[in-house]
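Just so you know, ligand 1 is whichever comes first in the structure, and atom 1 is the first atom listed for that ligand.
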Amino acid sequence: MFVSDILSQKGTTIFTVVPATSVAEIAQQLSARRIGSVLVLDVAGSVAGIVSERDLVRALARHGAKALELEARQVMTRDVVTCDPDDSIDSVMQTMTEGRFRHIPVVRRGELLGLVSIGDVVKARLEETRHETEALKAYIVAG
Ligand code: AMP
C-alpha cells in the first residue's frame, strides 16, 4: 500500500494556519477539529513549518500561560520532513519512527497534497494485514 491509497480514503483536506496565528487559536483549532497538528503556510502558500500538540505542551512548559500569546512562527518546527504519494506505507512508518513525529505532509513537485498521521498509517497497515490473512486462509482452504 502507498501513501496515495491513504489520501484516496481520507481525502486531501489539510488544516493550515499563517505564521502569525496565536498559540491560543491553534489550540482551539486542534481541539475543535480533533487533530494533532497544523501546517504553517507562508504568504506564498509554501510550508513554513508544522505545529503539533507536542509543540504546544513544550511552549506551555517553557512560558506558562503566556505561551497562549505566542505566534505559530515562534513554536513551529521549521525543517518539515515530507513524503511523496508514491512512498510505501512501510517507508513512511519508518520515517516517522526514526524522526519521532506522528505527522507528515504529502508533497509532490512542490505541491501540497495532504497530511498523513501515524493513526492513518497504522489503520492502513492493519487493513493490509487483514487482507493478507484472508488471502492466506482462502489459499489454504482452496488447497
Ligand atoms: P508529533 O509527534 O507529530 O506530534 O510531533 C513531534 C515533534 O515533531 C513536534 O515538535 C513537531 O513540530 C515535529 N514534527 C511533526 N511532524 C513533523 C514532520 N513531518 N517533520 C518534522 N518535524 C515534525
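- Atoms of ligand 1 found under 4.0 Å from any heavy atom of S52, numbered from 1 in the order shown, are 1 (P), 4 (O), 5 (O), 6 (C), 9 (C), 11 (C).
- Taking atom 14 (N) of ligand 1 as the reference point, the nearest protein heavy-atom neighbour is F101 CB, 3.6 Å.
- Counting only heavy atoms of the protein, atom 22 (N) of ligand 1 lies nearest to T77 CG2, 3.6 Å.
- Other residues, nucleotides and ligands contribute at most 12 non-hydrogen atoms within 6.0 Å of the CZ atom of F2.
- Contacts between R58 and ligand 1 below 4.0 angstrom, taking non-hydrogen atoms only, involve the side chain exclusively.
- For ligand 1 and I104, the ligand atoms under 4.0 Å from any heavy atom of the residue are 19 (N).
- A 4.5 Å side-chain heavy-atom check between I104 and M96 finds at least one atom pair inside the cut-off.
- Although no hydrogens or angles enter the test, the distance criterion places a donor-acceptor pair under 3.5 Å between the side chain of R78 and the main chain of R73.
- With sequence neighbours left out, R62 forms a side chain to side chain contact (heavy atoms under 4.5 Å, CB included) with R58.
- Close approach of ligand 1 to D55 (heavy-atom distance below 4.0 Å) involves ligand atoms 9 (C), 10 (O), 11 (C), 12 (O).
- Residue contact check: V80 has heavy atoms under 4.0 Å from atoms 19 (N), 20 (N), 21 (C) of ligand 1.
- At most 12 heavy atoms of other shown residues, nucleotides or ligands fall within 6.0 angstrom of atom NZ in K123.
- Between E134 and K137 there is no salt bridge, since no side-chain N of the basic residue sits under 4.0 Å from a carboxylate O of the acidic one.
- Here D79 has backbone heavy atoms under 4.0 Å from ligand 1, and that is the only part of it that gets that close.
- To the nearest 0.5 angstrom, E128 atom CD is 9.0 Å from S88 atom OG.
- Looking at V81 against ligand 1, both its backbone and its side chain come within 4.0 Å, counting heavy atoms.
- Which of H103, M96, R78, R102 comes nearest to atom 17 (C) of ligand 1 through a heavy atom is settled by distance: it is H103.
- Atoms of ligand 1 lying under 4.0 Å from at least one heavy atom of P105, given by number and element, are 19 (N).
- Other residues, nucleotides and ligands contribute only 12 or fewer heavy atoms inside 6.0 Å of the CG atom of D79.
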